[in-house]
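Before anything else, here's the structure in question.
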Amino acid sequence: MSVHLWLRAEQRPNETRTPLTPDGAAALIAEGFRVSVERARTRIIPDAGYAEAGCDMVPENGWPDAPRDAVILGLKELPDDGTPLPHTHVMFGHAYKDQPAGRRLLKRFRAGGGTLIDLEYLTDDAGRRVAAFGYWAGYAGAAVALKCWTAQVRGGSCGALQSWPDAEHLRADLAAELDATGTPRPDALTIGALGRVGTGVSDLCRALDVPVIGWDMAETARGAPFPEVLDHALFFNCILAQPGTPVFVPADTGARDRRLRVIADIACDPDSDFSPIRVYDRATDWHTPALRVHDTPPLDVTAIDNLPSLLPLESSQDYAAQLLPTLARLADPDDPVLARAKKTFRDHLARL
């Protein structure tokens, strides 16, 4: 059975990433896929690359009118307009944790008879995601934290962000900002250092000569408190909040004697009852990256939920390469990765 894959344009602001590159599309076409690609004014990879790869180029945001057998591929959420969804969609649905928007999305699939293959739930036999943006979330999150720190040194707060063309430009910009402070590099402590996110943090810090200490499960097994967090200028949280997660930054941290100046909660889960960062209650964004939670001395929190979008080229290329083998098996009804994701969808649909 041949598959018709339809790459839609992203409709979320500041989202220029793509889960499929022209090279990936060409590989799928060689395997017998039909690939339609919506023209997109903001996608980091130009339309011409997909056309040259042999894709059918179709109008932007035309996916609602795609043939019913087309599998619609995207990254971020669809417009929350309540319309029924009859297609199979491969995307980040954020629909399985009882969020109001997630429940509305599931009801749209139920109304239209479609299926959600949630990218977050494409996992191997060990439960690890087959494709993840974590490395670039860490890399970009470290960059934003360093920008928050340099802004503090200048006596202000970090201004609005824009994406970088690539990681080389990011490193050059940050090196210039750090050098312009006329002070030694700040030092950092990372929790979750051995994971994808923590590796991205450490790689950028080392590239910019920022001393970084990496902690993981062995260093945190003793449980809270962790006064060492206060002894570093930067603190990076790279672990997801879940039952049993210790508190790394208690609510009274601002008033304590500390060198800590910037907290980067890259996991970005301020609403969770299990959040290990207790000094803030809301995410930040590209327009206002830093939340000042204490004044003297300053303590800023940055917690942005779409960090990889700040480096759309590398994050797209990396993620698309990880995802491609699973996309190539869309026609296989027995593929275990896809079967697990579809079962998760059916289970949550049944609970509505």
Answer yes or no: does atom CD of Gln99 have more than 12 heavy-atom neighbours from other residues, nucleotides or ligands under 6.0 Å?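 Above 12, so yes.
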
Parallel under 30°, tilted from 30 to 60°, perpendicular over 60°: which one fits the rings of Phe133 and Tyr319?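 Answer is parallel, since the angle falls under 30°.
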
Return yes if a side-chain donor-acceptor contact under 3.5 Å exists between Arg154 and Thr181, otherwise no.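 The answer is no; no qualifying pair exists.
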
Side chains of Ser309 and Arg17: do they bring a donor and an acceptor to under 3.5 Å?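 There is such a pair (donor and acceptor under 3.5 Å, judged by atom type) between the side chains of Ser309 and Arg17.
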
Mind listing the closest non-hydrogen atom pair of Asp118 and Ala95 along with its distance?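 Result for this residue pair: OD2-N, 4.5 Å.
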
Please determine, by modelled atom types, if Glu15 and Asn306 share a side-chain donor-acceptor pair under 3.5 angstrom.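 Short answer, no.
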
Just to verify, which of Lys76, Arg282, Arg12 counts as forming a salt bridge (charged side-chain N to carboxylate O under 4.0 Å, His left out) with Asp305?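 Result for salt bridge (charged side-chain N to carboxylate O under 4.0 Å, His left out) with Asp305: Arg12.
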
Residue of the set Asn237, Val229, Leu234, Leu260 for which side-chain contact (heavy atoms from CB on, under 4.5 Å) holds with Leu189: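 So the option named by the test is Val229.
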
With a distance cut-off below 6.0 Å to the six-membered ring centre and an angular limit of 45° from the axis, does Arg258 pair with Phe235 as a cation-pi contact?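 No cation-pi geometry.
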
Would you tell me whether Glu38 and Trp6 have side-chain atoms, one donor and one acceptor, within less than 3.5 Å of each other?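 Checked: Glu38/Trp6 side chains pair up, N/O donor to acceptor below 3.5 Å.
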
Geometric class of the Tyr139/Tyr135 ring pair [parallel <30°, tilted 30-60°, perpendicular >60°]: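 Tyr135 and Tyr139: tilted rings.
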
Might you point out which heavy atoms bring Ala167 and Trp136 nearest each other, and give the distance in Å?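 Nearest pair, atom of Ala167 first, then Trp136: CB-CZ3, 4.3 Å.
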
Take Thr83 and Arg108, measure what side-chain hydrogen bond (donor to acceptor under 3.5 Å, both in side chains) needs, and give me the verdict at the end. CA-CA 6 Å; Thr83 56; Arg108 294 171 65 189; 3.0 Å; yes

